[in-house]
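Everything numeric in this text was worked out from a predicted model, so none of it was measured. Values below: all heavy atoms of this structure, side chains included; hydrogens, waters and symmetry mates excluded.
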Amino acid sequence: MQNIKQHSIIFNYPENLLFSLKLSEKEFEKEFKTAAVIKLYERGKISSGIASQLLQVSRIDFLNMLYDYKVSYLSDDIEEILKDMKNAGA
């Protein structure tokens, strides 16, 4: 496995946001990361394979997450679908 440099993002938010959302700090951080990755996927910036790696879940679990966020996994671009299938080993 390659040693790839990792980066992180710091996001400041008021403590009362956690109370309003009824989430723990850990739950909020997971939700925030998931929402950001799904949005990048939805906008076509990353593939489902990359998204699943970022979230450390299987590709199938990621595609199931899309349903929860009401995001379609079907793309209008057939080339993108074929690329995802190739990357997934289909």
State the CG-NZ distance between Leu54 and Lys33, to the nearest 0.5 angstrom.
7.0 Å
Any donor-acceptor N or O pair under 3.5 Å, side chains Ser52, Arg59
no
Other than Ile9, which residues form its hydrophobic cluster under the rule that side-chain heavy atoms must be closer than 4.5 Å?
none
Distance-only donor-acceptor hits, side chain of residues 10-29, under 3.5 Å, sequence neighbours excluded:
| unit_1 | atom_1 | unit_2 | atom_2 | d |
| --- | --- | --- | --- | --- |
| Ser20 | OG | Asn16 | O | 3.0 |
| Ser24 | OG | Glu27 | N | 3.1 |
| Ser24 | OG | Glu27 | OE1 | 3.3 |
| Glu27 | OE1 | Ser24 | N | 2.7 |

Please examine the side chains of Asn64 and Ile60, heavy atoms only from C-beta on, and report whether any two atoms are closer than 4.5 Å.
yes
What's the shortest heavy-atom distance between Leu63 and Ser48, and which atoms?
CD2-CB, 4.2 Å
Quick one, Thr34 and Tyr69 - any side-chain contact, counting heavy atoms below 4.5 Å?
yes
So, for Ile46 and Val37, which heavy atoms are closest and what is the spacing to 0.1 Å?
CD1-O, 3.8 Å
Nearest-0.5 Å distance, CD1 of residue Ile38 to CG of residue Asp68
7.5 Å
For Glu42, all residues meeting salt bridge (Lys or Arg N to Asp or Glu O under 4.0 Å), sequence neighbours excluded
Lys39
